[in-house]
Student: 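I have a structure I would like to understand better, so I am pasting it below and will then ask my questions one at a time.
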Number of protein chains: 2
Amino acid sequence: MSNAADSTAGGVQSVDRAITILDVLARLGEVGVTELAAELDVHKSTAFRLVNTLEGRGLVEQTGERGKYRLGVGLLRLAGATTARLDVVQEARPICKSLAASTGETVNIAVLSESSALYLDQVAGSSTLQPHNWVGQHIPLHATSNGKVLLSGLAVERLDEVLHRLPAYTALTITKRSALRRELDVVREQGYAVAVDELEVGLTAVAAPIHNAHGDVIASLSVSGPTFRLGQDKLSEVIPELRQAAEEISHRLGWGHR
Amino acid sequence: MSNAADSTAGGVQSVDRAITILDVLARLGEVGVTELAAELDVHKSTAFRLVNTLEGRGLVEQTGERGKYRLGVGLLRLAGATTARLDVVQEARPICKSLAASTGETVNIAVLSESSALYLDQVAGSSTLQPHNWVGQHIPLHATSNGKVLLSGLAVERLDEVLHRLPAYTALTITKRSALRRELDVVREQGYAVAVDELEVGLTAVAAPIHNAHGDVIASLSVSGPTFRLGQDKLSEVIPELRQAAEEISHRLGWGHR
DNA sequence: GACTGTGTTGCCGAAGGCGCAACGTCTGCC
DNA sequence: GGCAGACGTTGCGCCTTCGGCAACACAGTC
């Protein structure tokens with residue numbers, strides 16, 4: 001995911017540029033026409049007409065009468081339609097909600113996508129302030145509980161295809177392949193993965209696998225929150241709930257019926 | 001300009017068509033190039049190049065090597081960036097102000113916080129006497145219109161986790177669980193909740209739910225004032241406005257599929 | 001007032017998008 | 001098995017339409 005300032009790969013130029021505008025807005029938040037034009041390396045008027053078209057369709061909205069531009073809610077509609085066809089998310093949502101309610105922490109669902117974990121859905125805990133919205137983000141596999149769970153479902157020989165480098169994000173990040181392999185054995189054995197301060201200091205997460213009818217690990221369910229709230233005692237209380245929730249989702253997807 | 005059959009007012013033609021493709025995919029799920037071309041009323045090759053560009057950017061993905069097309073996960077990333085900046089209070093504020101202006105009464109927004117309703121925002125009505133500033137206050141769920149709306153969005157089995165005792169504040173406070181449950185059914189059915197003299201004698205409030213993109217009840221919008229001003233006739237005038245305002249806010253948050 | 005910044009619009013040349021038609025492939029039907 | 005029709009895909013070349021230029025309207029700032 002390099003920045004998409006200019007990608008000659010696309011076919012239709014103006015569409016490609018329009019999508020780049022969406023990307024820029026996603027990255028920078030609120031951006032004016034002039035700045036957009038600079039990012040796209042096109043004339044102001046070009047950028048304006050593109051963003052104006054996007055606005056007419058609700059993918060972008062303008063702050064005030066002559067203000068800057070930002071992403072619009074039309075995208076939410078499209079994204080809703082995207083997840084609607086993913087039956088994992090559909091089946092899991094009510095269970096995620098009750099898990100988020102009973103633990104009070106944020107619940108996520110992630111799948112394997114290329115070489116990272118892609119977060120498909122998120123339900124905030126009871127805390128009114130939502131710490132971060134991971135949905136749509138690609139997150140490193142080796143530094144997250146979700147990633148470890150997803151990796152643990154892979155055949156050992158496929159690991160090398162998916163894992164490239166193992167950069168350290170904190171002092172606790174697992175950076176050695178051998179250590180990661182041992183960790184994955186533990187995950188497989190105990191049926192869940194934990195990550196404390198491995199991606200970000202102060203962030204703790206625990207995840208459990210979601211299986212399909214064939215028993216493959218197709219997704220990962222996680223509970224995450226600040227490390228100070230998710231201590232050992234709280235974790236030992238959360239983990240059984242998490243595992244049960246993950247099993248329930250797996251059941252709904254046909255696992256264990258055979 | 002060939003035709004204006006579609007909803008087309010945008011500027012850049014190909015971008016507009018590309019967005020129409022996204023809309024079609026959102027509506028129909030999986031669609032082939034030929035069908036897309038028919039929907040857009042363009043040639044197959046045109047539809048192909050557009051959808052191909054979208055695919056190159058991850059907004060659309062293809063099933064199999066030569067299969068149909070559907071919405072892609074790239075949209076989730078964009079939508080994630082959208083929700084990150086979406087704040088209920090901020091989105092609602094202009095609507096609240098106009099609602100307060102047209103009704104002349106106080107407008108509030110509340111969310112569920114642990115076992116009570118937490119008031120996030122308040123816009124005073126035109127009346128000079130402002131009864132109370134509720135912002136930041138935790139208010140009992142069973143004795144307020146906002147509380148009832150928030151409860152009505154909860155799964156039935158979660159009610160008991162949230163509701164503990166049901167103390168009486170006035171003679172009209174609902175104190176029986178069974179009665180409250182029936183009241184919540186009514187709220188769900190009619191789409192709004194009323195509370196007359198239930199928290200405080202002389203205080204009447206009516207509330208309607210605010211939904212997010214997934215359809216969950218994430219907040220509650222209310223109009224409240226002295227009972228002598230909010231009689232039956234005034235209420236029947238306020239309620240449609242209130243519901244419309246709540247729906248408008250929900251729309252801004254991405255609610256309203258299809 | 002001038003000056004600089006912003007977002008917005010008319011104009012016209014030409015880049016680029018689009019329709020055409022042909023291709024490769026797959027499925028189903030005789 | 002072969003044929004017919006469906007599909008998605010691609011090279012070609014006309015002409016639509018996009019986009020650069022420059023002027024405009026408006027808002028701050030000195």
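Residue numbers start from 1 in every chain, and the chains themselves are labelled A, B, ... in the order their sequence lines are given, proteins ahead of strands. When reading the values below, keep in mind they use all heavy atoms of this one structure, side chains included, and skip hydrogens, waters and symmetry mates.
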Student: Expressed in angstrom and rounded to an integer, what is the separation of Asn52(A) atom CG from dT8(C) atom P?
Tutor: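 Answer to the nearest Å: 7 Å.
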Student: Does any N or O in the side chain of Ser115(A) come within less than 3.5 Å of the main-chain N or O of Val162(A), such that one atom is a donor and the other an acceptor?
Tutor: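 Confirmed, Ser115(A) side chain pairs with Val162(A) backbone.
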Student: dC18(C) phosphate, OP1 or OP2: any side-chain N/O from Gln13(B) under 4.0 angstrom?
Tutor: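 Answer yes for this pair, as a side-chain N or O of Gln13(B) is under 4.0 Å from OP1 or OP2.
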Student: Under 4.0 Å between a side-chain N or O of Gln62(A) and OP1 or OP2 of dT8(C)?
Tutor: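 Affirmative; the distance criterion is met.
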Student: Tell me the interatomic distance from Phe48(A), atom CZ, to dA22(D), atom C1', rounded to whole angstroms.
Tutor: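 Result: 16 Å.
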Student: Which sits closer to the 5' end of DNA chain C, Ala47(B) or Val51(A), going by the nucleotide each is nearest to?
Tutor: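 Taking each residue's closest nucleotide, the earlier one in sequence belongs to Val51(A).
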Student: Here's a test of your reading of the structure: between Tyr69(B) and Val42(A), which maps to the more 5' nucleotide of DNA chain D?
Tutor: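 The 5'-side residue here is Tyr69(B).
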Student: Could you check how far CZ of Arg17(B) sits from P of dG16(C), rounded to whole Å?
Tutor: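 Nearest whole value for this atom pair: 18 Å.
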Student: Could you state the CD-P distance from Glu30(B) to dC7(D), rounded to the nearest angstrom?
Tutor: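 Taking CD of Glu30(B) and P of dC7(D), I get 16 Å after rounding.
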Student: Which nucleotide wins on minimum distance to the side chain of His43(A), given the candidates dA21(C), dA22(D), dC18(D)?
Tutor: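 It is dA22(D).
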Student: Taking Glu39(A) first and then Arg27(A), would you say they form a salt bridge - that is, a charged N and a carboxylate O separated by under 4.0 Å?
Tutor: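 So Glu39(A) pairs with Arg27(A) through a salt bridge.
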Student: On DNA chain C, nearest-nucleotide positions of Val15(A) versus Glu35(A): which is more 5'?
Tutor: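 With Val15(A) and Glu35(A) compared, the 5'-side residue is Glu35(A).
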Student: Applying salt bridge (charged side-chain N to carboxylate O under 4.0 Å, His left out), which residue pairs with at least one partner in residues 237-247 of chain B are found, sequence neighbours left out?
Tutor: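 Of all non-adjacent pairs touching residues 237-247 of chain B, none passes salt bridge (charged side-chain N to carboxylate O under 4.0 Å, His left out).
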Student: Choosing from dG8(D), dG17(C), dC18(D), which nucleotide comes nearest the side chain of Thr34(B)?
Tutor: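 The listed nucleotide nearest to Thr34(B)'s side chain is dG8(D).
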Student: Does Ser45(B) contact dG19(C) through a side-chain donor or acceptor facing the base, at a distance under 3.5 Å?
Tutor: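 Donor-acceptor pair under 3.5 Å: yes.
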Student: Identify which nucleotide among dG7(C), dG8(D), dG19(C) has an atom closest to any side-chain atom of Val33(B), counting heavy atoms from C-beta outward.
Tutor: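 Nucleotide nearest to Val33(B)'s side chain: dG8(D).
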Student: Could you check which of dT9(C), dC18(D), dT9(D) has an atom nearest any side-chain atom of Ser14(A)?
Tutor: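 Closest nucleotide among those given: dC18(D).
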Student: For a side chain to side chain donor-acceptor pair (under 3.5 Å) check, start with the C-alpha distance between Ser14(A) and Ser14(B), then their side-chain angles and the critical distance, and finish with the verdict.
Tutor: CA-CA 7 Å; Ser14(A) 41; Ser14(B) 36; 2.6 Å; yes
Student: Do you know the tightest heavy-atom contact between Leu71(A) and Ala81(B)?
Tutor: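 Of all heavy-atom pairs spanning Leu71(A) and Ala81(B), the closest is CD1-CB, 3.9 Å.
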Student: How close or far is atom P of dT6(C) from atom CG of Leu36(A), stated in whole angstroms?
Tutor: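 Nearest whole value for this atom pair: 12 Å.
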Student: Using whole Å, what does the distance between atom P of nucleotide dG16(C) and atom CG of Leu50(B) come to?
Tutor: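 Rounding to the nearest Å, CG of Leu50(B) and P of dG16(C) are 16 Å apart.
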Student: With no angle test and no hydrogens, is the base of dG19(C) tied to the side chain of Arg49(B) by a donor-acceptor pair under 3.5 Å?
Tutor: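 Such a pair exists between side chain and base.
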Student: Touch check for Lys44(A), heavy atoms < 4.0 angstrom, all strands: base, sugar-phosphate only, or nothing?
Tutor: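 If one applies the 4.0 Å heavy-atom cut-off, Lys44(A) turns out to touch a base.
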Student: Report the distance from atom CD1 of Ile21(B) to atom P of dG8(D), rounded to the nearest whole Å.
Tutor: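 It is 12 Å, rounded to the nearest whole Å.
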